[in-house]
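Predicted model only: the values in this text are computed from it and were never measured.
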Amino acid sequence: MATNQLISLPSMGCGTWSWGNQLLWGYKQSMDEQLQEVFNLCVDNGVTLFDTGDSYGTGKLKGRSEILLGKFSRDYEHSHPERLNQRDICIATKLAAYPWRWTRKSIISACDASAKRLGKNVDLVQMHWSTANYAPWQELGLLDGLADLYAQGLVKGVGLSNYGTKRLLWVHKRFAERGIPITSLQVQYSLLSTYPVTELGLKDVCDSLGIKLIAYSPLALGLLTGKFRENGQLPKGIRGILFRQMLPGIKGLLGTLEEIANSRGKTMGQVAINWCICKGTIPIPGAKNREQAKQNLGALGWFLNNGEIAELDVAASKSEKKMVQNIFQTN
């Protein structure tokens, strides 16, 4: 029988998709010192959840995010032994449902490889996506392996990613038969991606099951920060192409964000993150440098009022453009 191990999740975490990703985020190893500063600043301010994945990092840098998190965590503990927050550091990794992974042993081996890169056991292990949309048979072994990791005491908790309501309930029933609790579920959620909550009703289901809902891409890849405008300079590569398509259709939403941000003395990004918190989710915005991390931290310590939330909800619903849902998101 599995025994419960306590995982302390803060009201906001830090996503590390960009740490090692050259293609989309322009990562260079010269950034590592800045990323250590991001890690330290986050932990110092109680942001102790760091989300990663064994597929994070492009090409030869695959797994780089996990390697960096392991190093940063060790360095922080050595240089800040007196800091209480270090006890709450939770490194959550996601294991990819690659086609060659389909047995319970394959997912246990994958978690072991992540632990080696981290230099410590994974705290919260998550299934990166469901195979229900294209190979439902593959998922049985993967989920059994995920449950085994908890049952054997190799992780403190297990979670899911990109699962919809129906699939979540199916997994929950399967895990409950073994006494395995689900700690968290993460989905793409922001003012430009409300589908998982408004259409699938995930938040209500998670609340009823005692599962924390984690919101990834709460800033919609940077669209909600206000840094980019229709006729201004755009990011290079894929993000720039996406932004060029999206910006003309979200002017109303950005206008509402800006108005509320100005009245609050906050940035648009801080308001967008705070909206996610007010919706009862744990947003995990990314940060590539100290300034971005500092900006994210400005979303904490205050709350939008009901009127402001309603304004943003209306503006989001009227937005002509929405973020494309992850192709692996299930119903």
Side-chain angles (χ1 to χ4, degrees), residues 11-19 21 23-27 31 34-35 37-38 41-42 45 47 50-51 186-194 214-279 281-304 308-309 311-313 315-316 318-324 326:
S11 56
M12 183 178 80
C14 178
T16 65
W17 180 21
S18 64
W19 299 11
N21 188 301
L23 181 64
L24 196 66
W25 298 104
Y27 166 82
M31 296 176 176
Q34 295 177 64
L35 296 179
E37 290 182 10
V38 169
L41 184 64
C42 284
N45 287 275
V47 176
F50 295 88
D51 182 76
Q186 65 169 278
V187 291
Q188 178 181 303
Y189 185 62
S190 71
L191 281 161
L192 285 173
S193 179
T194 59
I214 297 173
Y216 73 76
S217 288
L219 294 173
L221 302 181
L223 276 167
L224 297 174
T225 62
K227 294 177 185 175
F228 306 99
R229 298 293 178 169
E230 193 175 348
N231 298 315
Q233 189 173 358
L234 300 178
K236 296 177 182 178
I238 299 171
R239 285 174 71 219
I241 296 170
L242 174 67
F243 285 19
R244 192 169 287 109
Q245 295 172 343
M246 292 284 293
L247 284 167
I250 63 172
K251 283 189 279 192
L253 173 59
L254 293 180
T256 302
L257 258 180
E258 186 171 31
E259 188 178 319
I260 292 173
N262 289 340
S263 69
R264 281 279 185 172
K266 299 291 181 180
T267 67
M268 292 167 66
Q270 288 165 352
V271 172
I273 294 170
N274 192 272
W275 177 87
C276 290
I277 294 172
C278 290
K279 291 292 184 177
T281 70
I282 302 173
I284 48 171
K288 293 191 293 182
N289 54 57
R290 184 182 177 85
E291 182 53 37
Q292 288 180 354
K294 191 176 176 183
Q295 286 290 318
N296 292 344
L297 289 169
L300 298 175
W302 59 282
F303 297 98
L304 292 163
E308 291 165 330
I309 294 169
E311 279 185 66
L312 289 167
D313 288 348
K318 290 181 177 179
S319 181
E320 296 172 24
K321 292 284 188 177
K322 306 283 186 184
M323 290 294 286
V324 175
N326 191 306

Exercise for the section: Any pair with a residue in residues 257-279 that passes salt bridge (Lys or Arg N to Asp or Glu O under 4.0 Å), sequence neighbours left out, goes on the list, sorted by first then second residue, please. Expected result: Arg229-Glu258, Arg264-Glu308, Lys279-Asp313
Value rounded to 0.5 Å, distance of [atom1] in [X] from [atom2] in [Y]:
| X | Y | atom1 | atom2 | value |
| --- | --- | --- | --- | --- |
| Met268 | Leu223 | CE | CG | 10.0 Å |
| Ile284 | Leu219 | CD1 | CG | 11.5 Å |
| Leu300 | Ile273 | CG | CD1 | 8.0 Å |
| Leu224 | Thr267 | CG | OG1 | 11.0 Å |
| Leu304 | Ile309 | CG | CD1 | 5.5 Å |
| Lys236 | Ile241 | NZ | CD1 | 14.0 Å |

Exercise for the section: Return yes when atom NZ of Lys294 has more than 12 non-hydrogen atoms of other residues, nucleotides or ligands closer than 6.0 Å, and no otherwise. Expected result: no
Report yes if some heavy atom in the side chain of [X] is under 4.5 Å from a heavy atom in the side chain of [Y]; otherwise report no.
| X | Y | answer |
| --- | --- | --- |
| Gln270 | Gln295 | yes |
| Leu221 | Phe228 | no |
| Pro285 | Pro218 | yes |
| Leu247 | Ile250 | yes |
| Thr16 | Leu35 | no |

I'd like to know if the side chain of [X] and the backbone of [Y] have a donor-acceptor N/O pair within less than 3.5 Å.
| X | Y | result |
| --- | --- | --- |
| Ser319 | Ala315 | no |
| Glu37 | Glu291 | no |
| Asp51 | Gly15 | no |

Measure across [X] and [Y] and return the closest heavy-atom pair with its distance rounded to 0.1 Å.
| X | Y | answer |
| --- | --- | --- |
| Ala316 | Leu253 | N-CD1, 4.0 Å |
| Arg290 | Val38 | N-CG2, 3.8 Å |
| Thr281 | Cys276 | OG1-O, 2.8 Å |
| Ser193 | Met323 | CB-CB, 4.3 Å |
| Ala220 | Leu192 | CB-CD1, 3.9 Å |
| Ala287 | Ser18 | O-OG, 4.4 Å |

Practice task
Apply salt bridge (Lys or Arg N to Asp or Glu O under 4.0 Å) to Arg244 and list each qualifying residue two or more places apart in sequence or on a separate chain.
Solution key: none
Handout entry: Candidate pair Trp25 and Arg239, rule side chain to side chain contact (heavy atoms under 4.5 Å, CB included), full reasoning
Key = CA-CA 9 Å; Trp25 298 104; Arg239 285 174 71 219; 3.4 Å; yes
Problem - Qualifying residues under side chain to side chain donor-acceptor pair (under 3.5 Å), relative to Glu320, sequence neighbours excluded - result: none
Exercise for the section: Kindly say whether the aromatic ring centers of Tyr189 and Trp275 come within a distance under 6.0 Å. Expected result: yes
